[in-house]
Asks: 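Pasting a structure here, questions to come.
Please read these numbers as outputs of a predicted model, since none were measured by experiment. Residue numbers count from 1 along this sequence.
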Amino acid sequence: MAELNTGMPRPTILVVEDEAPLLTLLRYNLEKQGFKVDEAADGQEALMRVAEAPPDLVLLDWMLPAMSGLEVCRQLRRRHDTRALPIIMVTARTEDQDAVRALDIGADDYIAKPFVMDALLARIRALLRRTGGVAAKGMLAWHDVTMDQDAHRVFRAGRALHLGPTEYRLLEFFLQHPGRVFSREQLLDAVWGRDIHVEPRTVDVHIRRLRKTVNGEGEVDIIRTVRSAGYALDLEHA
């Protein structure tokens with residue numbers, strides 16, 4: 001299993017897809033969810049990538065140049081070291097018999113194009129949980145940030161972050177909802193609690209403290225300020 005410099009697991013997904021726009025979209029969304037991404041544009045390259053650095057899961061397009069995704073799946077299942085490698089087949093073919101064929105050859109799951117990204121991500125997480133390829137329940141990861149909730153430790157790119165209790169809870173909440181914008185009032189309810197009376201501007205103070213600790217010299221600011229709306233854990237502003 002691939003790991004961050006902290007030694008904490010961060011699953012690697014090999015995306016085998018010859019359509020560049022879809023490949024870019026998949027990479028963006030997978031990395032945003034904390035996965036590491038490798039890629040291959042055809043079947044031969046996919047087999048080579050797996051041999052060089054086995055991923056935790058393969059997202060495999062059916063219709064590939066030269067060698068089909070079905071043949072890639074078949075060859076992976078014939079090898080002893082990749083017999084149990086999790087594989088999700090992605091295809092524009094929508095007939096039930098196509099799904100049956102893919103599953104019979106050895107794919108663990110099957111999703112048809114066009115698909116809803118959240119549905120695909122949910123399938124990936126579910127398959128990795130079944131196969132032991134995800135971090136424990138007490139682990140959160142996004143971009144280059146990892147949080148071990150059981151040990152109460154946080155790292156960014158291998159660097160330990162020393163957070164105060166409130167900043168820790170703020171970051172924990174953001175890591176659970178990456179990319180989503182939250183107002184000050186929503187953050188107060190989620191982090192401080194509905195029964196605690198705190199001025200909304202208090203959130204700004206703790207966000208500044210969190211930024212100061214999380215964003216080291218030369219690192220991208222991962223906390224986005226949305227004027228008149230709130231804050232988000234996001235890279236879109238970078």
Side-chain angles (χ1 to χ4, degrees), residues 1-13 24-38 56 117-118 121 124-125 128 133-194 196-238:
M1 177 182 294
E3 297 184 349
L4 290 174
N5 293 335
T6 62
M8 290 182 281
R10 188 179 176 201
T12 298
I13 311 295
T24 300
L25 181 65
L26 287 167
R27 171 180 281 280
Y28 171 79
N29 282 276
L30 288 167
E31 289 181 340
K32 195 170 183 180
Q33 292 298 312
F35 296 106
K36 296 179 72 173
V37 178
D38 197 1
D56 295 286
M117 188 61 66
D118 285 347
L121 292 170
I124 289 172
R125 288 191 293 266
L128 286 173
V134 293
K137 185 178 180 180
M139 193 76 69
L140 295 172
W142 176 84
H143 185 48
D144 57 356
V145 177
T146 55
M147 174 179 283
D148 185 340
Q149 294 167 295
D150 296 327
H152 215 74
R153 300 173 68 191
V154 185
F155 298 85
R156 180 169 185 188
R159 173 174 61 90
L161 305 179
H162 303 288
L163 301 171
T166 302
E167 288 73 44
Y168 180 92
R169 293 196 302 272
L170 266 173
L171 182 58
E172 182 178 42
F173 184 70
F174 281 134
L175 285 170
Q176 291 168 338
H177 307 89
R180 182 175 168 184
V181 178
F182 292 95
S183 67
R184 293 182 181 89
E185 290 74 18
Q186 288 173 318
L187 290 172
L188 284 173
D189 287 345
V191 177
W192 279 263
R194 294 177 181 272
I196 305 298
H197 177 70
V198 181
E199 289 296 323
R201 290 292 174 182
T202 302
V203 174
D204 300 339
V205 174
H206 288 281
I207 288 290
R208 283 198 298 272
R209 291 177 182 172
L210 180 60
R211 272 198 172 113
K212 185 176 180 180
T213 303
V214 170
N215 300 318
E217 185 177 353
E219 292 179 329
V220 173
D221 184 1
I222 59 173
I223 300 173
R224 177 163 62 105
T225 300
V226 183
R227 185 171 296 180
S228 302
Y231 300 98
L233 188 69
D234 206 339
L235 292 174
E236 289 186 0
H237 66 298

Asks: Would you confirm whether Trp142, through its side chain, and Pro178, through its main-chain N or O, come within 3.5 Å as a donor-acceptor pair?
Replies: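 Flag not set: sc Trp142 to bb Pro178 has no pair under 3.5 Å.
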Asks: To the nearest 0.5 Å, what is the distance between CG on Leu26 and CD1 on Ile13?
Replies: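 Rounded to the nearest 0.5 Å, the CG-CD1 separation comes out at 10.5 Å.
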Asks: Between Leu30 and Ile124, is there a side-chain heavy-atom distance shorter than 4.5 Å?
Replies: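 They are in contact (side-chain heavy atoms under 4.5 Å apart), so the answer is yes.
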Asks: Where do Arg125 and Phe35 land on the side chain to side chain contact (heavy atoms under 4.5 Å, CB included) test, with the steps shown first?
Replies: CA-CA 10 Å; Arg125 288 191 293 266; Phe35 296 106; 4.2 Å; yes
Asks: Take the angle between the ring planes of His152 and Tyr168 and call it parallel below 30°, perpendicular above 60°, tilted in between.
Replies: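 His152 vs Tyr168 ring planes: parallel.
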Asks: Are the side chains of Glu199 and Thr202 in contact, using a 4.5 Å heavy-atom criterion?
Replies: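 Yes, at least one pair of side-chain atoms sits under 4.5 Å.
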Asks: Are any side-chain N or O atoms of Thr213 and backbone N or O atoms of Leu210, one a donor and one an acceptor, separated by less than 3.5 Å?
Replies: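 The answer is no, because no donor-acceptor pair under 3.5 Å joins these two groups.
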Asks: What's the shortest heavy-atom distance between Glu31 and Val37, and which atoms?
Replies: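 Shortest heavy-atom contact: CG-CG2, 3.7 Å.
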Asks: So how far is it from Gln33 CD to His143 NE2, rounded to the nearest 0.5 Å?
Replies: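 Reported to 0.5 Å precision, the distance equals 14.0 Å.
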Asks: With a 4.5 Å limit on heavy-atom distance, are the side chains of Glu167 and Leu161 in contact?
Replies: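 Not touching, per the 4.5 Å side-chain cut-off.
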Asks: For the ring pair Trp192 and His206, is the centre-to-centre distance below 6.0 Å?
Replies: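 Here the rings of His206 and Trp192 have centres that are less than 6.0 Å from each other.
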Asks: Give the minimum heavy-atom separation between Pro200 and Leu188, together with the two atoms involved.
Replies: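 Of all heavy-atom pairs spanning Pro200 and Leu188, the closest is CA-CD1, 3.7 Å.
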Asks: Return yes if some donor-acceptor pair links the side-chain N/O of Gln186 with the main-chain N/O of Ser183 below 3.5 Å, else return no.
Replies: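 Side chain of Gln186 to backbone of Ser183: a pair is present.
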Asks: Thinking salt bridges, do Asp148 and Arg153 make one under a 4.0 Å N-O criterion?
Replies: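 The answer is no: the pair does not qualify as a salt bridge.
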Asks: Ignoring hydrogens, what is the shortest heavy-atom contact between Arg224 and Gly179? Give both atom names and the distance.
Replies: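 Scanning both residues, the minimum pair turns out to be NH2-O, 4.3 Å.
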Asks: How long is the gap from OG1 on Thr166 to CG on Leu187, to the nearest 0.5 Å?
Replies: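 One gets 12.0 Å once the value is rounded to the nearest 0.5 Å.
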Asks: Output, in order, the C-alpha distance, side-chain angles, deciding distance and verdict of side chain to side chain contact (heavy atoms under 4.5 Å, CB included) for Val220 and Asn215.
Replies: CA-CA 7 Å; Val220 173; Asn215 300 318; over 6 Å; no
Asks: Of the non-hydrogen atoms in Val191 and Arg169, which two are nearest, and what is the gap between them?
Replies: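 Heavy atoms only, the tightest pair is O-NE, 3.4 Å.
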Asks: Quick one: does Asp234's side chain get under 4.5 Å of Val181's, heavy atoms only?
Replies: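 Of all side-chain heavy-atom pairs linking Val181 with Asp234, none is under 4.5 Å.
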Asks: In Å, rounded to the nearest 0.5 Å, how long is the span from CG of Asn29 to CG of Leu25?
Replies: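 Between Asn29 CG and Leu25 CG, I get 5.0 Å after rounding to 0.5 Å.
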Asks: Would you name the heavy atoms of Gln149 and Leu140 that are closest together and state the gap between them?
Replies: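 Minimum heavy-atom separation between Gln149 and Leu140: NE2-CD1, 3.6 Å.
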Asks: With Arg201, which residues qualify under salt bridge (Lys or Arg N to Asp or Glu O under 4.0 Å), at least two apart?
Replies: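 Listed in chain order: Asp204.
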Asks: Does the gap between the ring centers of Tyr231 and Phe174 come in under 6.0 Å?
Replies: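 Judged by ring-centre distance (under 6.0 Å), Tyr231 and Phe174 do not meet the cut-off.
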Asks: Below 4.0 angstrom, N of the basic side chain to O of the carboxylate: do Glu219 and Arg159 qualify?
Replies: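 Judged by the 4.0 Å cut-off on N to carboxylate O distance, Glu219 and Arg159 do form a salt bridge.
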Asks: Taking the side chain as C-beta and beyond, is there a heavy-atom pair between Arg156 and Val214 under 4.5 Å?
Replies: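 Yes, their side chains come closer than 4.5 Å.
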Asks: Do Val154 and Thr146 have side-chain heavy atoms sitting under 4.5 Å apart?
Replies: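 No, side chains not in contact.
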Asks: Taking atom types as modelled, is there a side-chain donor on Thr225 or Arg211 under 3.5 Å from an acceptor on the other?
Replies: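 On atom types as modelled, these side chains qualify, holding a pair under 3.5 Å.
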